[in-house]
Amino acid sequence: MPKTSFDILWIILSSGLVFFMQAGFLCLESGLTRTKNSINVAIKNITDFGIATLVFYSIGFGLMFGTTYYGWVGKDMFFPDFSKTSPEISVFFLFQLMFCGTAATIVSGAVAERMKFGAYIIVTTIISSLIYPVFGHWVWGRDLQDWNQFTGWLSHLGFMDFAGSTAVHSVGGWVGLSAMILIGNRTGKYGKDGSVRKITGHNLPLAMLGTLILWFGWIGFNGGSTLAFTSEVPKIIVNTMFAASGGMASSLIYGWIRLKYAEATLPLNGTLAGLVAITAPCNAVNSLESLLIGLVAGILMFEAGIFLDRLKLDDAVGAIPVHLVSGIWGTLAVGFFGDLSILGTGLDRTTQVLVQLLGVVSCAVLSFGVSYPLLFIIHRFYSLRVSPQNEYQGLNYTEHRATTELIDLFLEMEYQKQTGDLSQDLSIEPFTEVGQIAERYNLVLDKIRTNIKEKETLAVELEHNLSLLQSDLSTARKIQSGIISQEDKLTGELEITVRYLPLTEVGGDFFDIMELRPGLTRVFLADATGHGVQAALLTMAIKAIYESLKRGIYSVTEILFHLNNEFLHTFKNLNQFFTCIVVDIDTNLNLIRYSSAGHVPQYLIEGQEVHSLEKTGRIMGVIPNTKYTSNEMEFTQDSKLILFTDGLFEQWNSHKEEFGEERVEEIVGNLKGIPMGEGIDQILKKLDEFLAGSPKQDDISVLGISRKAKK
């Protein structure tokens, strides 16, 4: 404890250095967060120290340094009047207050960018009034009338934490971890596939300045913990510098090797990890050991950050790896490296390590075990987390209505985005960078408004032209409907079921049914490539040529031969193709003769068997003078012939599955004994069920042909 006026001066100076660390935390955390949240983080770092001061004075100091209750907690010294005490106690309170404020502010970084400001005040109050004072009593509690008489149960066991690797930093880290788990991650931090999105801070130079301020303030943090200006102070400060440099070097080099590049925040957090780790053993280790402690802390910090991402725990500024993990390591390092004669606990090396481990576990049980249930209960009645909308907008504005020129600009732009109202220019603040951006944005707006007017004029013209086009398509549909009969019909001894389903107003399928002579009917079915107007025009061309040929005395192969040549000659520059099939049905001879120009297989149901009518030549419109062959099949009283275009099976559902030829053939195989019309409707119903609301992609034509039932 301070004995001289110079000792008191040293503690006051050290308190000032530790207080200056609040500025370091402010710069570090606000620099590592996004612009829209930086003011919120800064306000938290100012507010938490004020709250900590009030709470620690009224409750915390008494719990920590009041007369002990069996080594667990102090029971007096609440609202102390320092004007009536010795200056040693006043300056001791001042120094401990700085430590309390540090423990509280650690949580700010861990939960940055998504915790409510009011919720953060609650967390600060819990730390300052309960968790830090109680654990502090276990470790540092003492009789204020007898400075050398420690009262806490951990200190009686020999637990040593010189300046607070556990008592300050791990306490803040455990509470921060519990809050992180409860409120969840920042939106978009982790993808559904487990990927980690790097959320970069808006001002890394400011964060680096904050690190240097903290490094500087740590001189008072560790050096002032002697509570007197003794000969140990220089060694403690030097050890602090070595560990900080070791943590910076190891995290940078190790991270460089792992990541293949020098990540910008590694020197920052590596330095802080080394500082946190050396805080507990700085008085009892030598220079080389201090360097080693810092080197290990830097590596542990890096790996802890990777581990948190694997667990999908979002630590906005790396507070848990820096303060919790490095704090644990530094506390254990007391047992591993501390000079037992300096520690003066009377324990051997193994026992000292076990006692240090007990202190780490005790801190976890108290800090996490108290904060998590308390915050969980509070969270049930008062949400600790901001709404998704507020998180999206940023906590600067939603929590504090604090804006900047840039934020005001973004708000105006967001209003235009949400409402679509581009009629007003953005407000311009002259002679500023933001004003220049707004001015150029307004020039873009002016150009957009001009383009919108031009497009509105074009839209009116397009609407008029579309109306004309719809009228023309309607006329085309009526003409095509007149050409292609869509009703079932009777021809000789044949009953023919017709299902014609064009994709649009007009289709690209064409069929013709004609009785050449009694007992002989010719069916022609063609499928033009594509659909819509282009395909419909192509079918008209096919129809024109076929009409000139169908009444001639041609076999099924000859009519395809001439149709192909005429099409190529008449439309040689059209570069269009189509498939078709011609079927002659002879009810006198009970057979069919067909020729297929690249058309998909058709089906003949004969008793319990299904036969395929395979293609007998290449598609139309490719090579002139193409020869086609024909096939014959029996067509008895019970036979059924099903002809269709490829639109029946080339249909895809939302799962990118094709209806397919196999499914059509399977359905056709189940139509034995079913009337033709009912059977075709079953096929189309199965197709609709398969598509499940997905739109069709091609024209569909189906012809079902069967013999009349004999009376």
Side-chain angles (χ1 to χ4, degrees), residues 470 473-474 476-478 480-489 494-513 523-536 538-539 578-581 583 596 598-605 608-613 639-706:
Q470 290 287 1
L473 283 173
S474 179
R477 178 178 58 80
K478 292 175 182 178
Q480 193 175 58
S481 297
I483 294 172
I484 303 175
S485 174
Q486 301 177 31
E487 296 181 355
D488 297 347
K489 61 190 305 183
L494 300 178
E495 294 180 346
I496 302 176
T497 302
V498 178
R499 298 292 183 269
Y500 176 59
L501 305 172
L503 186 64
T504 57
E505 291 280 353
V506 290
D509 294 346
F510 171 71
F511 56 86
D512 183 83
I513 303 166
V523 180
F524 175 74
L525 176 62
D527 184 3
T529 55
H531 48 77
V533 175
Q534 176 181 314
L538 185 59
T539 60
F578 66 95
T579 66
C580 64
I581 184 171
V583 183
S596 172
H599 204 67
V600 295
Q602 311 289 283
Y603 298 112
L604 174 66
I605 301 174
Q608 298 300 314
E609 296 182 354
V610 177
H611 304 284
S612 294
L613 280 64
S639 298
K640 298 177 182 178
L641 180 63
I642 300 178
L643 306 178
F644 52 89
T645 55
D646 61 11
L648 181 62
F649 60 81
E650 287 186 352
Q651 303 286 351
W652 301 78
N653 64 17
S654 59
H655 302 294
K656 298 183 179 179
E657 295 178 285
E658 187 185 31
F659 194 57
E661 293 182 56
E662 293 183 2
R663 190 176 273 104
V664 171
E665 184 174 354
E666 180 183 351
I667 297 172
V668 169
N670 295 324
L671 299 183
K672 309 176 187 72
I674 298 176
M676 182 58 70
E678 183 180 336
I680 292 176
D681 289 337
Q682 278 193 25
I683 298 175
L684 296 175
K685 181 180 179 182
K686 294 285 186 182
L687 174 60
D688 288 336
E689 291 173 354
F690 173 80
L691 293 175
S694 296
K696 295 182 176 66
Q697 299 101 49
D698 198 1
D699 306 312
I700 299 175
S701 295
V702 185
L703 304 177
I705 304 170
S706 60

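Quick note: numbers below take in every heavy atom, side chains included, and nothing from hydrogens, waters or symmetry partners. As the structure is a computational prediction, the values presented were derived from the model and not from experiment.
Shown here are the side-chain contact (heavy atoms from CB on, under 4.5 Å) partners of E665, two or more places apart in sequence or in another chain: Y603. Residues passing the salt bridge (Lys or Arg N to Asp or Glu O under 4.0 Å) test with R499, sequence neighbours excluded: D488, D681. T579 meets the side-chain contact (heavy atoms from CB on, under 4.5 Å) test with D527, H599, I619; sequence neighbours excluded. By the side-chain hydrogen bond (donor to acceptor under 3.5 Å, both in side chains) test, S612 pairs with no residue at all, sequence neighbours left out. For D512, the side-chain hydrogen bond (donor to acceptor under 3.5 Å, both in side chains) partners two or more places apart in sequence, or in a different chain, are K550. Under the rule for a side-chain hydrogen bond (donor to acceptor under 3.5 Å, both in side chains), the partners of S701 that lie at least two apart in sequence or sit in another chain are D509. Applying the side-chain hydrogen bond (donor to acceptor under 3.5 Å, both in side chains) criterion to Q608, with sequence neighbours excluded, gives no partner residue. F649 meets the ring pair (Phe, Tyr, Trp, His ring centres under 6.0 Å) test with no other residue; sequence neighbours excluded.
Residue pairs satisfying the salt bridge (charged side-chain N to carboxylate O under 4.0 Å, His left out) criterion with at least one member in residues 686-703, sequence neighbours excluded, are listed as follows: D688-K696. Pairs engaging residues 642-661 under the salt bridge (charged side-chain N to carboxylate O under 4.0 Å, His left out) rule: none recorded [sequence neighbours left out]. Within the structure, the ring-ring contact (aromatic ring centres under 6.0 Å, His included) test picks out the following pairs touching residues 657-703 (sequence neighbours left out): F659-F690.
The distance from atom NZ of K640 to atom OG of S706, rounded to the nearest 0.5 Å, is 7.0 Å. Rounded to the nearest 0.5 angstrom, L613 CG and H611 NE2 are separated by 10.0 Å. Rounding to the nearest 0.5 Å gives a distance of 10.5 Å between CE of M676 and CG of L494.
When every heavy atom of Q651 is checked against every heavy atom of L691, the shortest pair comes out as CB-CD2, 4.1 Å. Here the closest non-hydrogen pair linking A528 and F578 is CA-CB, 3.8 Å. The nearest pair of heavy atoms linking N653 to S694 is C-OG, 4.0 Å. Closest approach of A526 and T645 over heavy atoms only: O-CG2, 4.1 Å. When all heavy atoms are compared, the tightest approach of L604 to S639 is CD1-CB, 4.2 Å.
The closest donor-acceptor contact from the side chain of Q602 to the backbone of L641 lies at 3.5 Å or more, if one exists at all.
Considering only heavy atoms from C-beta on, F511 comes within 4.5 Å of V498 through its side chain. Side-chain contact between L648 and I683: present, with at least one pair of heavy atoms (C-beta onward) separated by less than 4.5 Å. Contact check for I705 versus I513: no side-chain heavy atoms found under the 4.5 Å cut-off.
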Next on the checklist: Working note: L538 + F510, criterion side-chain contact (heavy atoms from CB on, under 4.5 Å); need CA distance, chi angles, decisive distance, verdict.
Outcome noted: CA-CA 10 Å; L538 185 59; F510 171 71; over 6 Å; no
